[in-house]
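Comments concern the structure below.
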Amino acid sequence: MTSTDSAPTPALVWFRDDLRVRDNPALRAALAHGPTLALYVLDEESPGIRPLGGAARWWLHHALEDLRASLGRLGVPLVLRRGPAGAVVPDVAAKARAGYVAWNRRYGGPERRADTAVKSLLRRAGREAESFQASLLHEPWDVVTQQGTGYKVFTPFWKELSGRDHRHPLPIPRPQREAPETVPAGDDLDAWALLPRDPDWSGPLAEAWTPGEEAGLALLRDFVGPDTADTAVALYPDERDLPDRAGTSRLSPYLRWGHVSPFQVWHAVADRRRAAPEGSAVFASELGWREFAWHTLYHHADLASENLRREFDAYPWWLPHTPRGGAHDAGRGGAHDAGRGGAHGAPPAVVLGDREANRLLDAWRRGRTGFPMVDAGQRELWATGWMHNRVRMVSASLLVKNLGIHWRLGERWFWDTLVDADPASNPFNWQWVAGSGADAAPFFRVFNPRTQQKKFDPHGAYARAWIPELGTDEYPDECVDLGESRAEALEAYRSLSEAQGRGQGRRRA
Ligand SMILES: Cc1cc2nc3c(=O)[nH]c(=O)nc-3n(C[C@H](O)[C@H](O)[C@H](O)COP(=O)(O)OP(=O)(O)OC[C@H]3O[C@@H](n4cnc5c(N)ncnc54)[C@H](O)[C@@H]3O)c2cc1C
């Protein structure tokens, strides 16, 4: 948009979960409009927005430093502001006299509501506002069944999506010649206190990760490697389930924060189809699960708080009676979403005593269940903010099926401790493991952590790497009888299905 005196008006690009300068359509559009200024808003106040967990806050701090440096090389200043987006974005746009504001779309319910409100406020103030697709290969409203609904089953979803063309990544923009004249004052990043203090537990996270765009692209390059048959992507089908190997890409936090885009990943892997046909196809389908989770969130905004299959509302999982029950006490100290948990509706029937449940939950969180694969995973998570996918499944299954604890408590722990904690993938996968979700694992599929260890960590290398006291008296006994607890879970599920059947029978009668 240009002003009447023909000088281009300034443009504002609002960064969110797209902290990169390459393949960023909103940034390119802003730069094409005029002297560009960038904005990041730490919004913990808009209705329904879920505050970040502790590990995610650590990541965000470093990610914003990285973004500021990359934007600086393009001559684009970055303004940081804290507050509700509906107040902050129009205010910064007005102060910068921006005629054009651009951003890349988000897909969670509260985020979409906030974005719609911002768009109409900007337009009412006479500013042009435009949004772009950058975080998903295809828009959720474009990939629907013949009935116009979102897919509930992965295979037809992926068949439809993978058969489509996905645009090629956009190059890095040229540095702008002219910076905007007015750059409104912003917050000091340190004043946001995203980094942990007292205690500072972030040392091992910093050893494990370098947040930012260059680091994400380097991981992607390493993973796809040259066009030969001995690369990580070629070995992916054989190695991806072995937690002691570097068999997966570890791109999840970089995709979560948008340091790399799904288009960059898709095309980098597609370019290896010749040398690694199976690996590139299996890996691409994992990217497909990410899309499926986001599409599911788009259609079910309450994915983190409600069972997708509502019959599971009657399953007797344990939940604390108060929203801030014992589940929070040992957290990272990030901003927990205390409004969820037991606060929503009446808690289901309690089969575990509260004290016993809290003891088991605590043992699970601290990696002291007595099942080495689970304990190694929980300790890896606590130390590095990441856990291998196979171990996530085994650990989640133990919590919800053998320990009888609600998936929402596990989801909340992961939300607080994962650097890739994602509003779609996290609740989606918890519900998948619990059996209550989209295309979920059948409830009777209860992972046996001992068998899983024999299969995927046969020499115990992963377990030993994270549990120094393994094999000594200091390592706890198994906290639950696997056979008995499995039978109890299946019995509870059988009663649920029978009650459901009776209910349906009555409705039909
Ligand atoms: C209980 C549970 C909770 C999870 N929570 C999250 C989460 O908060 N954020 C998150 O990104 N992933 C989550 N996952 C999915 C998966 O565990 C991680 O994406 C994966 O371990 C990341 O490692 P990677 O990047 O090396 O994966 P790779 O095997 O290299 O896969 C490549 C990419 O595909 C995507 N992907 C792979 N598996 C899945 C999956 N099952 N669902 C969605 N996307 C997938 C990720 O973006 C990943 O980076 C969860 C899984 C479980 C079982």
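Numbering of ligands and ligand atoms starts at 1, following listing order.
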Would you tell me whether R273 and S280 have side-chain atoms, one donor and one acceptor, within less than 3.5 Å of each other? no
Among all protein non-hydrogen atoms, which one is nearest to atom 13 (C) of ligand 1, and what is the separation to 0.1 Å? R392 NH1, 3.2 Å
Salt bridge or not for R290 and E286, using N-O below 4.0 Å? no
A student checking ligand 1 against A421 at a 4.0 Å heavy-atom cut-off should list atoms 8 (O)
Using residues 419-426 as the side-chain source, report each donor-acceptor pair under 3.5 Å to any protein atom, sequence neighbours left out, with the distance given to one decimal.
from: D420; atom 1: OD1; to: R392; atom 2: NH1; distance (Å): 3.3
from: D420; atom 1: OD2; to: S252; atom 2: OG; distance (Å): 2.7
from: D420; atom 1: OD2; to: R392; atom 2: NH1; distance (Å): 3.4
from: D420; atom 1: OD2; to: R392; atom 2: NH2; distance (Å): 2.8
from: D422; atom 1: OD1; to: A424; atom 2: N; distance (Å): 2.8
from: D422; atom 1: OD1; to: S425; atom 2: N; distance (Å): 3.2
from: N426; atom 1: OD1; to: W430; atom 2: NE1; distance (Å): 3.4
from: N426; atom 1: ND2; to: E411; atom 2: O; distance (Å): 3.0
from: N426; atom 1: ND2; to: E411; atom 2: OE2; distance (Å): 3.2

Between H388 and ligand 1, does any nitrogen or oxygen pair lie at a separation below 3.5 Å? no
For ligand 1, find out whether one of its N or O atoms is nearer than 3.5 Å to an N or O atom of W430. no
Enumerate the atoms of ligand 1 whose separation from the nearest heavy atom of R250 is less than 4.0 angstrom. 24 (P), 25 (O), 26 (O)
If the plane angle is over 60° it's perpendicular, under 30° parallel, otherwise tilted; pick one for Y493 and F443. parallel
Is W289 close to ligand 1, meaning an N/O of one under 3.5 Å from an N/O of the other? no
For the residue pair S46 / D43, report whether a side-chain donor-acceptor contact shorter than 3.5 Å exists. yes
Numbered atoms and elements of ligand 1 in range of L287, under 4.0 angstrom, heavy atoms: 34 (O)
What's the shortest distance from atom 47 (O) of ligand 1 to any protein heavy atom, and which residue and atom give it? L255 CD1, 3.4 Å
The closest protein heavy-atom partner of atom 38 (N) of ligand 1 is E286 OE1, 3.1 Å
Show the atoms of ligand 1 that are less than 4.0 angstrom away from any heavy atom in F283. 30 (O), 31 (O), 32 (C)
Give the residue, atom name and distance (to 0.1 Å) of the protein heavy atom nearest atom 52 (C) of ligand 1. N429 CB, 3.3 Å
Cut-off 3.5 Å, side chains only: do Y236 and E278 have a donor facing an acceptor? no
Would you mind checking which non-hydrogen protein atom is closest to atom 3 (C) of ligand 1, with the distance to 0.1 Å? N426 OD1, 3.4 Å
Please tell me whether S395 and Q378 have a donor and an acceptor in their side chains that are separated by less than 3.5 angstrom. yes
